[in-house]
Amino acid sequence: MSEKSYDLIVIGGGPAGYVASIRAAQLGMQVACVDKRATLGGTCLNVGCIPSKALLHSSERFAFAKEEAAAHGIALQGVELDLAAMMGRKQKVVDDLTKGIDYLLDKNKVDRFHGSASIPAAGKVQVSLADGGSVELPTRNILIATGSEPTSLPGIQIDERQVVSSTGALALETVPEHLVVIGAGVIGLELGSVWSRLGARVTVVEFLDHILPGMDRDVSKQAQKILGKQGLDFRLSSKVTALVTATSGVAVQVEPSQGGEPEQLDADVVLVAVGRRPYTEGLGLEAVGVTQDERGFLAVDGAFQTSVPGIYAVGDCVPGPMLAHKAEEDAIACVETLAGQAGHVDYDRVPGVVYTHPEIAGVGKTEDALKAEGTPYRAAKFPFSANSRAKATGETDGFVKVLVSEEHARVLGMHIIGPGAGDLLQEAVLGLEYGATAEDLARTCHAHPGMGEAVKEAALAALGRALHI
Ligand code: FAD
Ligand code: NAI
């Protein structure tokens, strides 16, 4: 047993865990953070948000140089891909950011343990240290922030070479000739876009009859059109029933979702992107009495306490959107509540952004959700083709869609497909937080020429007085 006793031991150093550690230290707690990875930052920094965004950005530059520069009067010859250099840049971005988390934990005097944690009992964390030996740490509270892992399909083995999860798809050493992606969700579209821009033929097999389930239907339809034009070949209402791997490639059996004639696709690499599940292996939850739901998520109350007093959980391993910023909000709310303050996260106001080109972003209710709950609403749209900044940059695909309440035009949701959609959406996120109406958005001065004017015009359109359409 260690000499030192902690107020809080956080298991997991991802966006949930490291943010919880920093905030708890700021609030005066003695904190330790345990992660079994050599580098902090969890899935997000090591094999998720950051490396994918680095590759999305680099591949977009490559596609611009090859396909769009000429239209801007930029004559480029001999544009070639140096995949090793692109991957090297991605790794440097990851390394710099993960080192940054070490610095932040040091600065806040959070003790860092590199090893696998388990919970022998409430008030104790056992760490099998990565460089040998183990230590038992006494603590008043434990916070589980162990994140999630990719799921697969029955009978499909991920080898991270020919059949890859997002982790393998972020580190391919050559551009596959034909990449088959299973799942037209966020990972499928982002990583499908990366490899398509770098020269792969990409086929995306999706079980449902539309892409990006959960996003507003107008946006998902438009996304399918735009990404289809960019070269992604969508096989909707289809399921993969078997994969046969050989040294020459992977034979992918595809059938209509409701059954029917099977078809074979020959792929070099298959990316399985059918969702993620909570990761809690090795914690010893059953023995200590922490309950999980049927999908493996830890059941928590409003204060993020699990079924065992003194043991809390946040981030991807608890219900809610599996997003880094949601994980961080959970962490802050949990730790501040633990310190006697108030904390709450409204999952209806968590923005979601897909970093394709153009970006796709949404917050609040979708039109389908409003219809299903019977809320009277008005919908209005403003296309980027009528926005002067988008005209100037040549990024006119897409629109801003706003959903407002019938009676007071209160903003209920915003959905954007277009240039910088993720950043533009933030105005609506703040608006939702403050209970803004379309009138509030429309009367806010927006700089000209700016993509943000499309948000203002969509709000004006909801009031029946758009100026530029
Ligand atoms: P994690 O980041 O998964 O961290 C959990 C940590 O716990 C890990 O480091 C793990 O090693 C550690 N751990 C687990 N068990 C133990 C144990 N027993 N002992 C010690 N340590 C343990 N989200 C966004 O918001 N925006 C994006 O653009 C985005 N892009 C993504 C792209 C990809 C390819 C993927 C896969 C995910 C992406 N996500 C994105 C989702 C985001 O990565 C997760 O929502 C986020 O990382 C969840 O944070 P977390 O702290 O809950 O868990
Ligand atoms: P997802 O849930 O976004 O998409 C999975 C897709 O696979 C769905 O469209 C689903 O209908 C489809 N599917 C499921 N079973 C299938 C089958 N048998 N055959 C064909 N299609 C099937 O999951 P994804 O893309 O794996 O991402 C996991 C998580 O990571 C998401 O929850 C997301 O929030 C997070 N993430 C977030 C990003 C971002 O914020 N930009 C980027 C990448 C991941």
Side-chain angles (χ1 to χ4, degrees), residues 10-20 33-53 55-56 113-119 125-128 130 144-154 156 165-167 169-170 181-192 204-215 220 235-241 254-255 257 271-284 313-318 320-328 330-331 350-356 359-361 422:
V10 181
I11 307 177
Y18 84 74
V19 167
C33 179
V34 189
D35 200 301
K36 55 186 173 187
R37 268 201 177 87
T39 49
L40 290 166
T43 303
C44 175
L45 268 68
N46 289 283
V47 289
C49 324
I50 300 305
S52 60
K53 266 78 253 178
L55 289 183
L56 277 156
F113 290 87
H114 178 200
S116 268
S118 57
I119 307 172
V125 171
Q126 178 84 31
V127 185
S128 298
I144 302 172
T146 49
S148 62
E149 62 176 354
T151 46
S152 188
L153 293 170
I156 293 185
S165 70
S166 51
T167 303
L170 288 166
V181 178
I182 313 178
V186 197
I187 291 178
L189 298 192
E190 288 190 351
L191 297 181
V204 184
V205 181
E206 166 60 48
F207 187 81
L208 301 172
D209 64 357
H210 59 280
I211 68 171
L212 290 174
M215 285 268 176
S220 95
R235 303 292 173 91
L236 301 183
S237 304
S238 301
K239 61 182 178 196
V240 169
T241 48
V254 181
E255 258 181 37
S257 301
L271 163 60
V272 185
V274 295
R276 294 177 64 83
R277 63 179 168 219
Y279 179 80
T280 53
E281 214 177 287
L283 287 173
V314 289
D316 274 11
C317 64
V318 304
M322 287 177 142
L323 295 170
H325 41 283
K326 175 267 187 185
E328 293 187 20
D330 280 2
V350 174
V353 182
V354 189
Y355 294 85
T356 45
E359 288 180 4
I360 304 159

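Each ligand, and each atom within it, is numbered from 1 in the order the structure gives.
For ligand 1, none of its N or O atoms has an N or O atom of Ala327 under 3.5 Å away. Taking any N or O of Val47, backbone or side chain, none lies under 3.5 Å from an N or O belonging to ligand 1. For ligand 1, the polar-atom distance check against Gly12 finds no nitrogen or oxygen pair separated by under 3.5 Å. The distance criterion of under 3.5 Å between nitrogen or oxygen atoms is not met by Leu153 with respect to ligand 2. The shortest N or O to N or O distance between Ile11 and ligand 1 is not under 3.5 Å. Checked against a 3.5 angstrom limit, the closest N/O atoms of Ser166 and ligand 1 fall outside it. For ligand 1, the polar-atom distance check against Lys36 finds a nitrogen or oxygen pair separated by under 3.5 Å. For ligand 2, the polar-atom distance check against Arg276 finds no nitrogen or oxygen pair separated by under 3.5 Å. Between Ile187 and ligand 1, a contact under 3.5 Å exists for no N or O pair. Inclusion of Tyr279 in the set of residues having an N or O under 3.5 Å from an N or O of ligand 1 is not warranted.
Counting protein heavy atoms only, atom 38 (C) of ligand 2 is closest to Val186 CG1, 3.2 Å. Regarding atom 35 (C) of ligand 2, its nearest protein heavy-atom neighbour is Met322 O, 3.5 Å. Ranking protein heavy atoms by distance to atom 9 (O) of ligand 2, first place goes to Glu206 OE1, 2.6 Å. Of the protein's non-hydrogen atoms, the one nearest atom 16 (C) of ligand 2 is Val274 CG1, 3.6 Å. The protein non-hydrogen atom at the shortest distance from atom 39 (C) of ligand 2 is Val353 O, 3.4 Å. Ile187 N, 2.9 Å is the protein heavy atom nearest to atom 25 (O) of ligand 2. If you check which protein heavy atom lies closest to atom 20 (C) of ligand 2, you get Phe207 N, 3.2 Å. For atom 4 (O) of ligand 2, the nearest non-hydrogen atom of the protein is Gly185 CA, 3.3 Å. From the protein, the heavy atom lying nearest to atom 18 (N) of ligand 1 is Ala117 O, 3.1 Å. Counting only heavy atoms of the protein, atom 3 (O) of ligand 1 lies nearest to Thr43 OG1, 2.6 Å.
Listed by atom number, the atoms of ligand 1 under 4.0 Å from Val34 heavy atoms are 20 (C), 21 (N). Close approach to Gly183 involves these atoms of ligand 2, each under 4.0 Å from a residue heavy atom: 6 (C), 7 (O), 12 (C), 21 (N). Listed by atom number, the atoms of ligand 1 under 4.0 Å from Ser52 heavy atoms are 32 (C). Interface of Gly42 with ligand 1, defined as ligand atoms under 4.0 Å from a residue heavy atom, comprises 2 (O), 4 (O), 8 (C), 9 (O). Ligand-side atoms of ligand 2 in range of Leu323: 34 (O), 37 (C), 40 (O), range being under 4.0 angstrom from any heavy atom. For ligand 2, the atoms sitting less than 4.0 Å from at least one non-hydrogen atom of Pro213 are 8 (C), 9 (O), numbered in the order shown with element in parentheses. Close approach of ligand 2 to Tyr355 (heavy-atom distance below 4.0 Å) involves ligand atoms 41 (N). In summary, the atoms of ligand 2 found under 4.0 Å from a heavy atom of Ile182, numbered by their order in the structure, are 19 (N), 20 (C). Those atoms of ligand 1 with a heavy atom of Ser116 less than 4.0 angstrom away are 19 (N). Within the listing of ligand 1, atoms 23 (N), 24 (C), 25 (O), 45 (O) sit less than 4.0 angstrom from a heavy atom of Leu323. Close approach of ligand 2 to Leu208 is summarised as follows: ligand atoms under 4.0 Å from at least one heavy atom of the residue are 11 (O). Taking a cut-off of under 4.0 Å to the non-hydrogen atoms of Arg276, the atoms of ligand 1 that pass are 36 (C).
To the nearest 0.5 angstrom, Thr39 atom OG1 is 8.5 Å from Leu45 atom CG. Between atom CD1 of residue Ile187 and atom OG of residue Ser52 there is a gap of 8.0 Å, rounded to the nearest 0.5 Å.
When non-hydrogen atoms are compared, ligand 1 lies under 4.0 Å from the side chain of Leu283 (C-beta onward) but not from its backbone. Only the backbone of Val205 comes within contact range of ligand 2, with a heavy atom under 4.0 Å; no side-chain atom does. When heavy-atom distances to ligand 1 are checked against a 4.0 Å cut-off, Ser148 comes that close only through its backbone atoms N, CA, C and O.
Of the listed residues (Ser165, Cys44, Gly115), the one carrying the non-hydrogen atom nearest atom 47 (O) of ligand 1 is Cys44. When Gly284, Ala16, Gly13 are ranked by how near their heavy atoms come to atom 51 (O) of ligand 1, first place goes to Ala16. When Val19, Asp316, Asp35 are ranked by how near their heavy atoms come to atom 9 (O) of ligand 1, first place goes to Asp35. Of the listed options Arg37, Lys326, Lys53, Glu190, Arg37 places a heavy atom closest to atom 8 (C) of ligand 1. The residue among Ala324, Gly275, Pro150 with a heavy atom at the shortest distance from atom 26 (O) of ligand 2 is Gly275. Compare Ala20, Gly41, Gly320, Cys49 by their heavy atoms: the one nearest to atom 29 (C) of ligand 1 is in Cys49.
Pairing each heavy atom of Glu190 with each of Lys53, the nearest pair is OE1-NZ, 2.8 Å. Closest heavy-atom contact between Val47 and Arg37: CG2-NH2, 3.6 Å. Ser148 and Met322 make their closest contact through CB-CE, 3.7 Å (heavy atoms, listed as atom of the first residue, atom of the second, distance). Here the closest non-hydrogen pair linking Cys33 and Gly13 is SG-CA, 3.9 Å. When all heavy atoms are compared, the tightest approach of Ala331 to Val19 is CB-CG1, 4.2 Å.
Under a 4.0 Å heavy-atom criterion, Pro150 is not in contact with ligand 1. At a 4.0 Å cut-off, not a single heavy atom of Gly282 sits close enough to ligand 1 to count as contact. Distances from ligand 2 to the non-hydrogen atoms of Ala273 include at least one value under 4.0 Å.
Shown here, atom 31 (C) of ligand 2 is out of close reach of the protein: none of its heavy atoms lies under 4.0 Å off.
Within the 4.5 Å cutoff, the side chain of Leu191 has no heavy atoms near those of the Val181 side chain.
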**Request:** List the steps, then state whether side-chain contact (heavy atoms from CB on, under 4.5 Å) holds for Ile119 with Ile11.
**Result:** CA-CA 10 Å; Ile119 307 172; Ile11 307 177; 3.9 Å; yes

**Request:** Before giving the answer on side-chain contact (heavy atoms from CB on, under 4.5 Å), spell out for Ile156 and Val240 the whole-Å C-alpha distance, their side-chain angles and the decisive distance to 0.1 Å.
**Result:** CA-CA 10 Å; Ile156 293 185; Val240 169; 4.1 Å; yes

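Checked by atom type and distance alone, the side chain of Asp35 never pairs as donor or acceptor with a backbone atom of Phe113 at under 3.5 Å. Ser257 places a side-chain N or O within 3.5 Å of a backbone atom of Phe207 that can act as its donor or acceptor partner.
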